Amino acid sequence: MDKSAVAVEALATHVGKAVVLQGWLQNKRASKNLYFIELRDGSGVVQCVVAKREVDDASWSAAAQATQESALVLRGQVVAHERQIGGVELQASGVELISLAEEYPITPKAHGVDFLMDRRHLWLRSRRQWAALRIRNRVIMSIHEFYQERGFVQMDAPILTGSAVEGTSTLFEIDYFGSPAYLTQSGQLHGEVMAMAFGKIYTFGPTFRAEKSKTRRHLTEFWMIEPEMAFYDLDMNMDLAEDFIVRLVQDVLRDCQAELTMLKRDTAPLARVQAPFPRISYSEAVELLTSPKTQELLQQHAENLHTERSALEAEQAQIGKRYGQVKQWKRRQMDARRIVINQRIGEIEEAQRNLPQWAESARDFVWGKDFGGSDETLLTWHFDRPIIIHRYPAAVKAFYMKRDPEDDRLALGMDVLAPEGYGEIIGGGERATDLFFLQRQVDEHGLPREAFEWYFDLRRYGSVPHAGFGLGLERTVGWIGHLEHIRETIPFPRMLGRLSP
RNA sequence: UCCUCGGUAGCUCAAUGGUAGAGCAUGCGGCUGUUAACCGCAGGGUUGUAGGUUCGAGUCCUACCCGGGGAGCCA
């Protein structure tokens with residue numbers, strides 16, 4: 001291994017110099033005396049030009065032999081080249097084949113989800129996955145920076161627990177030396193413990209939910225960041241959540257331009273993610289949801305879908321008519337276009353099927369229910385940035401939430417909803433401080449008091465106002481990267497029916 | 001659990017109930033700058049499974065299996 005090898009991402013600072021690159025062949029284009037090799041090294045991708053007259057025979061035949069994902073060492077000079085991503089390419093002087101790859105299953109063309117998921121261990125090498133997971137990395141870094149700069153202490157909550165926080169139906173149960181134990185659903189309660197010991201803390205760990213949800217927003221194993229702060233009320237909690245999200249988005253916007261470009265992410269909506277976020281109470285949200293304004297937005301959306309579909313269908317008909325009379329290469333273009341059209345029409349059809357239900361759900365929404373996925377999406381349509389909804393009916397929130405002193409029906413909870421249909425990325429609130437209230441809540445939720453004695457102790461020994469929230473890492477990354485599915489935001493997604501690789 | 005869409009070549013997809021095709025990938029040949037390169041040729045199929053309707057089924061019907069998306073629930 002060559003210690004002097006340069007990372008692709010650093011090449012811009014090596015223009016005009018001779019370098020050694022180590023990596024894998026992502027794609028190759030050939031003409032008689034020239035190979036264009038796209039070399040991937042994990043830090044980026046660079047085009048390497050291998051010209052027959054510039055290299056020796058061994059190098060030339062190595063370049064000829066190299067298949068997709070073959071491992072290579074390339075030597076050459078870095079030259080500036082306007083048309084390349086990153087602005088540089090390598091003029092190769094030597095090619096060494098380290099390992100000849102067998103026929104690679106993931107080709108440069110499209111593949112289906114199931115096929116790719118079965119090959120997740122290889123799929124991770126693809127550009128989109130690279131971009132998505134680099135954004136994940138940047139977000140994780142920002143999370144730690146944000147809290148560490150503010151004097152928060154990182155404290156891990158246990159993953160194995162003896163008690164449930166949320167409903168028991170979504171718990172993964174395991175055998176713990178003959179007793180039942182559960183994989184954690186939230187570090188919440190332990191976070192409160194640590195906040196009483198360290199003041200301001202945050203947990204960062206995996207969370208498990210045995211929900212039988214098959215949607216683009218659900219994983220059975222996901223990562224959650226849960227800050228918990230002593231002497232914080234609901235407003236301070238919302239301020240923190242707002243600053244936090246702005247920071248994550250702006251860091252990615254600044255440091256992940258290449259990744260966002262690769263994902264074809266429209267960055268305008270991200271640039272608008274600035275404080276303050278609209279803060280609306282649950283009751284105001286219900287009013288908004290059931291208002292004519294929401295129905296108008298739905299109507300407009302339905303019309304847009306209809307117009308788009310008509311245009312696509314007209315184009316489809318045109319293609320069908322002309323198909324028999326055109327040249328081969330044109331026909332191929334038409335085939336490709338036809339596939340894109342079919343896919344989009346499928347999406348529109350589904351949206352058109354769902355829209356009436358969305359409208360009905362919004363129109364008939366009654367105070368007291370929790371918002372469904374479509375309701376949340378509709379609420380975010382009214383705004384151009386994330387929104388915070390606070391003061392939910394106590395009945396739909398967790399037992400440990402503090403009641404609103406001004407209205408006992410309400411809990412001092414808050415959710416942050418991401419725009420563009422990505423839904424809830426934060427859930428949290430101010431915690432109840434009163435021992436007797438909590439004991440009653442535990443009883444009413446049918447939970448065993450004994451299991452919460454240690455939690456009750458926090459209210460016996462110096463109980464103070466405190467608050468916190470949980471941020472879903474994968475949903476956040478999915479939203480920032482505008483990814484179609486949450487499974488692309490984590491290296492090895494765990495979902496219903498998916499445990500491997 | 002329910003609703004909905006789908007399963008055709010290694011992959012992605014076509015195919016008014018009437019001879020199963022295209023692109024990519026693979027192999028061979030061509031091309032001095034390509035950007036999912038391009039051009040030519042070749043090999044590649046028990047249309048998810050089991051029944052049924054029909055002169056004839058990839059296409060219609062029934063059941064089952066597998067997958068996508070959504071509801072419920074949630075980050």
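For clarity, every value in this text was computed on a predicted model and none was experimentally measured. Every chain is numbered from 1, with letters handed out A, B, ... down the list of sequences.
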side-chain N/O A:Arg498 vs B:rG68 OP1/OP2, d < 4.0 Å: no
For B:rU46 versus B:rA20, give the span between their C1' atoms, rounded off to a whole number of Å. 13 Å
Phosphate contact (B:rA71 OP1 or OP2) by A:Arg217 side-chain N/O below 4.0 Å: yes
I need the CG-P distance between A:Leu483 and B:rG69, as an integer number of Å. 14 Å
Salt-bridge present (A:Asp243, A:Arg247; N to O < 4.0 Å): no
In terms of the nearest nucleotide of RNA chain B, which residue is placed more toward the 5' end: A:Gln47 or A:Ala30? A:Gln47
Which value, in whole Å, describes the distance between the P atoms of nucleotides B:rG45 and B:rG21? 13 Å
Distance criterion of 3.5 Å, no angle test: do you see the side chain of A:His81 paired donor-to-acceptor with the base of B:rG33? yes
Looking at A:Lys397 and A:Asp415, is any side-chain nitrogen of the basic one under 4.0 Å from a carboxylate oxygen of the acidic one? yes
Under the 3.5 angstrom rule, does the side chain of A:Thr184 hit a backbone N or O of A:Ser186 as a donor-acceptor pair? yes
Ring geometry between A:Tyr422 and A:His482 (parallel below 30°, tilted from 30 to 60°, perpendicular above 60°): perpendicular
Would you classify A:Phe222 as touching base, sugar-phosphate or nothing, given that sugar-phosphate means primed atoms plus P, OP1 and OP2, and contacts are heavy atoms under 4.0 Å? base
Rounded distance in Å between the C1' positions of B:rA9 and B:rC65: 22 Å
Do any side-chain nitrogens or oxygens of A:His218 fall under 4.0 Å of OP1 or OP2 in B:rG69? no
Could you please name the option among B:rC73, B:rG70, B:rU12 that lies closest to any side-chain atom of A:Glu211? B:rC73
According to a strict under-4.0 Å criterion, is A:Asn27 in side-chain N/O contact with OP1 or OP2 of B:rA37? yes
From B:rC74, B:rG69, B:rA37, nucleotide with atom closest to A:Arg487 side chain: B:rG69
Taking atom P in both B:rG68 and B:rU8, compute the distance separating them and give it to the nearest angstrom. 15 Å
For A:Glu221 against A:Ile490, the heavy-atom pair lying closest together: O-CD1, 4.1 Å
In whole Å, measure the gap between the P atoms of B:rG43 and B:rU62 for me. 40 Å
Roughly, in whole Å, what's the span from CZ in A:Phe244 to C1' in B:rA75? 13 Å
Let me know the distance between CG of A:Leu34 and P of B:rU35, rounded to the nearest Å. 12 Å
Does A:Arg120 make a cation-pi contact with A:Trp123, if we ask for NZ or CZ under 6.0 Å from the ring centre and within 45° of the axis? yes
Is the shortest side-chain N to carboxylate O distance from A:Glu488 to A:Arg216 below 4.0 Å? no
Pair partner, B:rC24 [Watson-Crick or wobble, under 3.5 Å]: B:rG10
Between A:Arg475 and B:rA75, is there a side-chain N or O to OP1/OP2 distance below 4.0 Å? no
Using whole Å, report how far NZ of A:Lys214 lies from P of B:rC2. 12 Å
What is the distance, rounded to the nearest whole Å, between atom CD of A:Glu54 and atom C1' of B:rG33? 13 Å
In whole Å, measure the gap between the P atoms of B:rG23 and B:rC39 for me. 9 Å
Rounding to a whole Å, what distance do you find between A:Asp375:CG and B:rC73:C1'? 14 Å
Rounded off to whole Å, could you give me the CD-to-P distance for the A:Glu69 and B:rG10 pair? 22 Å
Any donor-acceptor pair under 3.5 Å between the side chain of A:Glu484 and the base of B:rG68? no
When the C1' atoms of B:rA25 and B:rG17 are considered, how many whole Å apart are they? 33 Å
Under the criteria of a ring-centre distance below 5.5 Å and an interplanar angle below 30°, is A:Phe36 stacked with the base of B:rG33? no
Provide the distance between the two P atoms, one in B:rA42 and one in B:rG58, to the nearest whole Å. 26 Å
When the nearest nucleotide of RNA chain B is assigned to A:Asp114 and to A:Glu424 on a heavy-atom basis, which residue is associated with the more 5' position? A:Asp114
Taking A:Glu259 first and then A:Arg265, would you say they form a salt bridge - that is, a charged N and a carboxylate O separated by under 4.0 Å? no
Considering Watson-Crick and G-U wobble pairs with both distances under 3.5 Å, what does B:rC55 pair with? B:rG18
Base, sugar-phosphate, or nothing: which does A:Glu226 touch, judged by heavy atoms less than 4.0 Å apart? nothing
Roughly how many Å is it from CG in A:Leu219 to C1' in B:rC74, rounded to a whole number? 12 Å
Considering every strand shown, what is the Watson-Crick or G-U wobble mate of B:rG29 when both distances are under 3.5 Å? B:rC39
Searching all strands shown, indicate the nucleotide that pairs with B:rC64 (Watson-Crick or G-U wobble; both distances under 3.5 Å). B:rG48
According to the Watson-Crick and G-U wobble definitions, with both distances under 3.5 Å, which nucleotide is paired to B:rG69? B:rC3
Just to confirm, is there a sub-4.0 Å distance from OP1 or OP2 of B:rC73 to any side-chain nitrogen or oxygen of A:Arg209? no
